[in-house]
Structures are given as C-alpha cells and as structure tokens.
Amino acid sequence: QGTRSACTSCESPTLAPQAERALVLELAKQQILEGLHLTSRPRIIHPPPQAALTRALRRLQPGIVAPGNGEEVISFATITDSSTSICSSMLTFHLSTVQSHHLYHARLWLHVLRTFPGTLHLRIFRWGPRRKHRGSRTLLAERQITTPGWHALTLPSSGLRGEESAVLKLQVNCRSLEGNKTITGPLRWLLDTTGHQQPFLELKIRVNEPEAGRAKRR
Amino acid sequence: TPTCEPETPLCCRRDHYVDFQELGWRDWILQPEGYQLNYCSGQCPPHLAGSPGIAASFHSAVFSLLKANNPWPEGTSCCVPTARRPLSLLYLDHNGNVVKTDVPDMVVEACGCS
C-alpha cells in the first residue's frame, strides 16, 4: 500500500518473510473461495464415510472436468427410515449447489446386497411437489436386476431439473417378476443404507452463465 | 520468467506453495493437498517494457505508439502475469456432496513487463 509508483507490483516487497507468508495464506483463502463462488468455507456436518467416499470417487472421470465451467457432483443418499419396506423406501439427496446449474447427466448408483429368486424389477420414481401437489411421482428409470453388486441407473436430467427445493427425493419401488410377488422386509435387506456402499447420485452439471444461450446484442 | 532471487529487483515470478493443511482446510478440500500461489513483482525499466508474453503484446503495441510520438512516455510498465493455468479441485460442499471442478486462471505460470 502507499507505494510511490503507479505500478504496485514494481516495488520489491519489503515485508518480512513471516508477514509475507501470512499475507499469502490470507490471499490463498480469498482466491480459493472466490474461484469456487463461495463466501465462506463449507462447514461439513455429516461427512460421508471414508470408504463410501473412496468408492464413489472412482466413479468420477479422471482428468479435466467437462470443458467450459463444468462440474461433477457425487451426492450420497440419506435414508430416513431404513426399516420401511424394501419396496416403498425413499432416498433423499441435498443438492443446493446443483439448483442454479444446468444438469446434463445423472446416474443413480445402487449396491444390491442380494437378489431374490427370479428377477427383481426395480423402478425409480421422483417424488415431490413437482406437480404442485404433494405425493405426486414421476417414473424416472426402471431396471431388471438378476445379480447382486453395483448397478447404475441413468436418470433423465430433464426429469431432475426444475426442482424448486434443493432436496430431491427418489422412491425405490420393486417387485419380483417371479409370480409378481411383492417383496417384504426392510430396505436394508436389499441396499446398504449406512455403510460404504450407500446409494449415491453421480451428476454432471454446467455452471449457468448469466444470459446463457442468448446472443448478446451490441 | 525468472523466479525471484533476493538480489534480483527486476520483474519476476514469486513462487509460494500453499498447503491446505496450513489453512485448516483439509477437511473439506479433498484434492489436491495444496497449490502454487505465485504472483508477479519487481521492477520494469523502460527497456524491458513489452517483454515477454501475451498480456504484454497489447501493451507493447500501445507503448510503441507512445514511443513513436513521445520518446519518454509518462506511464510505467508493470510486472504482470502473462500466462496462467486452471486448478482442479475436489471438495465437499456444505451438504457433504463431493464436487469436482476446474477453477480457471488460478495459477500464475509466467510474468512479464506490460
């Protein structure tokens, strides 16, 4: 501050090394928060389990993110009541950062612990106030499952956009194709709801530029 | 661009590595562990004006016009970044989601005199 010449960077720094280091650390905080469009560092209340995190990170594409301000997000499901029946349970995702961005790719990863005799017909509905009245649901994806392990269900990004609230609820619905029996038992029979094989969403978003998509008029 | 030596007063790139541990941010920034926060500082005497780099080219065009019309221009040449690169970050947002993004122009790679 207060340097004589018009070019501040032309003055050799006269700070003591310690003071310069403290300044650099402060600058780094500002630079990272600004670069991430954050006003303050996030307070992580419920960090995902390390094992789930490591496994999920393997799903992210290595290397550069989608060109042009793209982001990749992994959101772990919270399951409020894993004792509900397998076939009407709800997966809840908190996606506030996704709200103001353009979602163009979404996959739901489920780790099926076991299968039942015959084929399991799995359907994923989006649950919520989309149609301005509670309890409406929209079918997003369905899959016939014959083997345990990880399964990725691609969800239509159009089906997930436009969510007023930052909370996305997906309902897992299932039945056995053998004799069309409804499967009973708690959800945790089918899915790992708390450990390192939690269901999670893998999303690819593009940061909305103001006036995106409209040519500027000069 | 020369990295700064104590005895070199000329425009140079001053390198600093910031470890996120030092900021107490390792709990939410998963990767990388730290990054280079470089900045440019040092003197730009007139004979160095316009050397080297992208940003300088614009200034050197203006500067040569000034020189042509006035051998001793009033303005000073400044030590500025001439090349930067993005920084890939993997971090947890306040919902505990994992976000992977590229922040543009985060690392100064080269400096030059405008």
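Only this structure's heavy atoms are used, side chains among them; waters, hydrogens and symmetry mates stay out. We name chains A, B, ... by the order of the sequence lines, and we start the count at 1 in each one.
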Quiz item: Which class fits the ring pair B/Phe20 and B/Tyr35: parallel under 30°, tilted 30 to 60°, perpendicular over 60°?
Solution: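 Ring orientation, 0 to 90° scale: parallel.
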Practice problem: Please work out whether the ring planes of B/Tyr91 and B/Trp28 are parallel, tilted or perpendicular, with thresholds of 30° and 60°. | Solution: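 Ring orientation of B/Tyr91 relative to B/Trp28: perpendicular.
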Quiz item: Is there less than 2.5 Å between the SG of B/Cys111 and that of B/Cys40?
Solution: yes
Residue [X] versus chain B: region with a heavy atom under 4.5 Å:
| X | value |
| --- | --- |
| A/Leu201 | neither |
| A/Leu25 | both |
| A/Leu27 | both |

Exercise. Could you tell me whether the side chains of B/Gln21 and B/Asp19 share a donor-acceptor contact shorter than 3.5 Å?
Key: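 No, B/Asp19 and B/Gln21 have no side-chain donor paired with an acceptor closer than 3.5 Å.
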